[in-house]
Amino acid sequence: MVKCKIKKGDMVRIIAGDDKGKMGKVLAVFPKKSLVVVEGCALVKKAVKPTDNNPKGGFITKEKSIHISNVKKDGE
């Protein structure tokens with residue numbers, strides 16, 4: 001486990017990976033796994049089964065977690 005300087009709600013810049021250069025707000029931090037979820041970055045499509053709320057099912061787009069070493073707090 002690493003001490004984490006990045007908190008939920010911080011603005012960060014992606015410094016490595018497919019989304020390099022993008023900026024976004026941190027939606028969630030998982031310090032034990034050293035992962036963060038950044039709004040609008042590392043998007044993946046997820047299949048969803050039909051339910052009462054969503055009778056057609058289909059696909060949704062959501063953010064995937066990325067390693068904390070690949071983000072930098074904006075302004076540092």
Margin query: Are Met23 and Asp74 packed together at the side-chain level, in the sense that at least one heavy-atom pair is separated by less than 4.5 angstrom?
Written below: yes

Notebook entry, point to check: If you round to the nearest 0.5 Å, how far is CD of Glu63 from CG of Leu27?
Noted result: 5.5 Å

Check: Which pair of heavy atoms, one from Ile14 and one from Cys41, lies closest together, and at what distance?
Finding: CG1-SG, 3.8 Å

Notebook entry, point to check: Shortest non-hydrogen contact from Lys7 to Val26?
Noted result: O-CB, 3.6 Å

Check: Pick from Asp19, Asn70, Val12: which one makes a side-chain contact (heavy atoms from CB on, under 4.5 Å) with Val38?
Finding: Val12

Item checked: Side-chain heavy-atom pair Arg13, Val71 within 4.5 angstrom cut-off -> no

Notebook entry, point to check: What are the two closest heavy atoms between Pro55 and Pro50, and how far apart are they?
Noted result: O-CB, 3.3 Å

Checklist line | Sub-4.5 Å side-chain heavy-atom contact between Leu35 and Ile68 | finding: no

Notebook entry, point to check: So which heavy atom on Ile60 is nearest to which on Val48, and how close?
Noted result: CG1-CG2, 3.6 Å

Next item on the list: Determine the minimum heavy-atom distance between Val44 and Lys64, stating which atoms define it.
Entry: CG1-CD, 3.9 Å

Checklist line | From CA spacing to verdict: side chain to side chain contact (heavy atoms under 4.5 Å, CB included), Lys25, Asp10 | finding: CA-CA 6 Å; Lys25 189 169 82 169; Asp10 286 349; over 6 Å; no

